[in-house]
Amino acid sequence: MKKSLEQPAQFLLEAKHYTDPSLLPLEQQRIFQKTWLYVGDAQTLSPGEVWVKTIAGLPLIITCDASGRYQAFYNVCPHRAALLCPDAGVHRAKHLVCPYHAWVYSLEGQLLGTPSRSRLPDDFEFNARTLKSYDLKAVRLEQWSGFIFICLSEDVPPLGTFLDPVPSHLAHQRQASTELLFRQSRRVACNWKNYHDNTLCDYHVAIAHRTTLHQLQGPIQRYQYQFSTYTNLLYTPTLQRWRDHHPALAHLSPLAQNHFLTYGIFPNLHLLAFPDGLFAWIQIEPLTVNSCEVMLEVYGLPQSPASVAALQAEFNGFMAEDEALTESVQQGYASGAYSPGPVSQLEARIVHQQRLILRYMQQES
């Protein structure tokens with residue numbers, strides 16, 4: 001893994017990349033539909049349940065069959081394209097039954113039956129070969145540490161390679177007793193790339209988060225970086241005053257045991273990890289050219305309600321500061337007065353992700 005990155009003199013994305021509404025459908029096609037995307041905790045689903053979601057602008061369904069196997073499919077009936085499950089969320093389902101013509105599918109995506117079969121064409125024989133051609137269209141699904149990711153492309157490396165070096169650094173971050181401490185989302189009036197840039201920006205922490213995040217990360221002189229193909233990492237040694245109240249978990253990698261880790265993961269994901277077992281996902285979903293949904297999930301060992309409330313207040317504190325900043329920057333992009341400025345060494349993670357964004361956008365769909 002690279003520890004340094006050749007840095008351009010100026011930022012790579014211009015104001016139009018954040019304000020042109022015609023780019024959003026292209027970003028869905030060329031970026032989000034061509035890479036691994038975070039879905040959520042596999043424990044969200046129990047055997048015999050399905051999870052209906054729109055991901056990368058497309059209708060998908062994730063199933064957990066009776067054996068506990070997870071699979072993902074397009075939420076589209078192969079007969080006449082109706083959504084098999086029109087309602088988003090988690091549902092109990094023994095089978096998937098199309099609400100249009102009642103074609104029946106197993107949770108493994110196999111066609112099980114059709115009504116009025118005698119009225120179908122003569123060559124529609126109810127045998128394994130015919131049925132297989134009408135199975136649901138599958139989507140790649142892999143897990144890391146009990147978290148589900150999906151990929152709509154076959155041309156992307158396996159999830160473990162894509163996330164490198166997260167799996168080796170955080171192999172034991174999730175414990176058997178780890179639980180979801182809280183989940184929340186907020187709509188922010190800025191382009192998704194704007195918020196992603198901000199979360200990758202280490203230049204503003206000591207200024208804009210002076211009484212919040214900066215207290216955890218410590219002096220910028222101690223910031224260190226690593227870069228891989230799709231992920232980047234800022235790691236800072238934990239401060240003694242923090243360690244006095246937060247003992248590190250055993251069996252963590254040396255890096256994870258002694259540092260606060262914050263990963264940027266292409267295209268819209270961030271992972272924050274603490275030596276005491278706490279970790280958080282921040283996912284940024286595009287809504288319009290000028291708005292995005294920022295979703296936060298925080299996991300850790302069981303804590304008292306008061307501790308969880310305090311932790312939630314800490315996250316809300318620095319995320320509210322980021323919301324104000326990114327909404328201000330979005331107005332600046334829209335002003336017509338901005339041209340890309342110089343890049344600080346503390347903004348190298350932004351450039352790393354901007355390179356990927358441009359590379360993907362320049363490819364044909």
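Just so it is clear, the values below take in all heavy atoms, side chains as well, and ignore hydrogens, waters and symmetry mates.
Under a 3.5 Å cut-off, the side chain of Thr54 and the backbone N or O of Gly57 do not form any donor-acceptor pair. Checked by atom type and distance alone, the side chain of Gln283 never pairs as donor or acceptor with a backbone atom of Leu269 at under 3.5 Å. Checking side-chain atoms of His204 against main-chain N and O of Cys201 turns up a donor-acceptor pair under 3.5 Å. Looking at Ser153, its side chain never comes within 3.5 Å of a backbone N or O of Lys34 through a donor-acceptor pair. The backbone N or O of His91 lies less than 3.5 Å from no partner atom in the side chain of Glu49, so there is not a single donor-acceptor pair. A donor-acceptor pair is defined here as one N or O able to donate and one able to accept, closer than 3.5 Å; no such pair exists between the side chain of Gln71 and the backbone of Ala138. Side-chain atoms of Glu142 come within 3.5 Å of backbone atoms of Leu159 as a donor-acceptor pair (strictly under, hydrogens ignored). No side-chain donor-acceptor contact under 3.5 Å links Asn191 to the backbone of Asn290. Side-chain atoms of Gln215 do not come within 3.5 Å of backbone N or O of Thr212 as any donor-acceptor pair. Checked by atom type and distance alone, the side chain of Thr19 pairs as donor or acceptor with a backbone atom of Ala15 at under 3.5 Å.
Asn316 places a side-chain heavy atom less than 4.5 Å from the side chain of Gln184. Side-chain contact between Cys85 and Leu96 is present, with at least one heavy-atom pair separated by less than 4.5 Å. Here the side chains of Leu356 and Thr35 are not in contact, with every heavy-atom distance at 4.5 Å or above. Between His79 and His101, the closest side-chain pair of non-hydrogen atoms falls below 4.5 Å. Within the 4.5 Å cutoff, side-chain heavy atoms of Leu271 are placed close to those of Leu170. Between Glu285 and Asn268 there is a side-chain heavy-atom pair separated by less than 4.5 Å. Within the 4.5 Å cutoff, no side-chain heavy atoms of Ile265 are placed close to those of Tyr230. Between Asn198 and Val329 there is no side-chain heavy-atom pair separated by less than 4.5 Å.
Exactly one of Phe73, Tyr74, Trp51 qualifies for a side chain to side chain contact (heavy atoms under 4.5 Å, CB included) with Ile61. That residue is Phe73.
Atom CE of Met361 sits about 9.0 Å away from atom CD1 of Ile357, to the nearest 0.5 Å. Here the straight-line distance linking atom CG of Leu58 with atom CD of Gln29 works out to 9.0 Å at 0.5 Å rounding. Here the OG-CZ distance, from Ser67 to Arg69, works out to 7.5 Å after rounding to the nearest 0.5 Å. The distance from atom CD of Gln224 to atom OG1 of Thr236, rounded to the nearest 0.5 Å, is 9.0 Å. With values rounded to the nearest 0.5 angstrom, Asp20 atom CG is found 8.0 Å from Lys16 atom NZ. The structure places CG of Leu12 at 13.5 Å from CZ of Arg359, a figure rounded to the nearest 0.5 Å.
Under the 4.0 Å criterion applied to side-chain N and carboxylate O atoms, Lys193 and Glu27 are assigned as salt-bridge partners. The pair Arg186-Glu293 does not meet the salt-bridge criterion, since no charged nitrogen lies less than 4.0 angstrom from a carboxylate oxygen. The existence of a salt bridge linking Arg349 and Asp202 is confirmed by a sub-4.0 Å separation between a basic side-chain nitrogen and an acidic carboxylate oxygen.
No more than 12 heavy atoms of other residues, nucleotides or ligands shown are found within 6.0 angstrom of CD on Gln345. Shown here is Arg210, whose CZ atom has no more than 12 heavy atoms of other residues, nucleotides or ligands within 6.0 Å. For His251, the NE2 atom is loosely surrounded, since the number of other residues' heavy atoms within 6.0 Å does not exceed 12.
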Exercise for review: Take Cys190 and Tyr333, measure what side chain to side chain contact (heavy atoms under 4.5 Å, CB included) needs, and give me the verdict at the end.
Suggested key: CA-CA 10 Å; Cys190 75; Tyr333 284 139; over 6 Å; no
Walk me through it: do Leu278 and Val298 pass the test side chain to side chain contact (heavy atoms under 4.5 Å, CB included)? CA-CA 7 Å; Leu278 188 77; Val298 178; 3.8 Å; yes
Taking it one step at a time, do Tyr18 and Val289 satisfy side chain to side chain contact (heavy atoms under 4.5 Å, CB included)? CA-CA 7 Å; Tyr18 302 90; Val289 70; over 6 Å; no
Query raised in the report: When you look at His352 and Asn232, which way does the side chain to side chain donor-acceptor pair (under 3.5 Å) test go after all the steps?
Result: CA-CA 8 Å; His352 174 260; Asn232 56 56; 3.1 Å; yes
Determine whether Leu37 and Phe32 satisfy the following criterion, side chain to side chain contact (heavy atoms under 4.5 Å, CB included), listing intermediate values before the conclusion. CA-CA 7 Å; Leu37 300 172; Phe32 289 90; 3.8 Å; yes
Derivation of the side chain to side chain donor-acceptor pair (under 3.5 Å) call for Gln110 and Asp135: CA-CA 5 Å; Gln110 299 168 328; Asp135 285 350; 5.3 Å; no
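Between Tyr235 and Phe260, the ring centre distance reaches or exceeds 6.0 Å. Residues His214 and His209 keep their aromatic ring centres 6.0 Å or farther apart. In summary, the aromatic rings of Tyr299 and Phe147 are positioned with their centroids under 6.0 Å apart. A distance below 6.0 Å separates the ring centres of Phe266 and Tyr360.
Here the closest non-hydrogen pair linking Thr238 and Pro275 is CG2-CG, 3.7 Å. Shown here for Ile62 and Ala72, the closest heavy-atom pair between the two residues is CG1-CB, 4.1 Å. Heavy-atom minimum distance, Cys292 versus Tyr195: SG-CB, 4.2 Å. Pro267 and Ile31 make their closest contact through CB-CG2, 3.5 Å (heavy atoms, listed as atom of the first residue, atom of the second, distance). Listed here is the closest heavy atom pair of Ser168 and Ser253: O-CB, 4.1 Å. When every heavy atom of Leu152 is checked against every heavy atom of Ala56, the shortest pair comes out as CD1-CB, 3.9 Å.
For the residue pair Gln353/His196, the side-chain donor-acceptor check at 3.5 Å is satisfied. Looking only at atom types and distance, the side chain of Gln240 has a donor-acceptor partner in the side chain of Asp244 under 3.5 Å away. The closest side-chain donor-acceptor pair between Glu297 and Tyr38 falls under 3.5 angstrom. Gln175 and Ser177 share no donor-acceptor pair across their side chains, judged by distance under 3.5 Å alone.
One hydrophobic cluster, built from ILVMFWY side chains closer than 4.5 Å, cannot hold both Met295 and Leu45; they sit in different ones. The hydrophobic clustering, which links ILVMFWY residues whose side-chain heavy atoms are closer than 4.5 Å, places Tyr100 and Leu136 apart.
Because its NZ or CZ atom is not both nearer than 6.0 Å to the ring centre of Phe149 and within 45° of the ring axis, Arg140 does not count as a cation-pi partner of that residue.
A tilted orientation is assigned to the rings of His169 and Tyr263, their planes being inclined by 30° to 60°. Relative ring orientation between Tyr225 and Tyr223 is described as perpendicular, the plane-to-plane angle rising above 60° on a 0-90° scale split at 30° and 60°. Relative ring orientation between His246 and Trp242 is described as parallel, the plane-to-plane angle staying below 30° on a 0-90° scale split at 30° and 60°.
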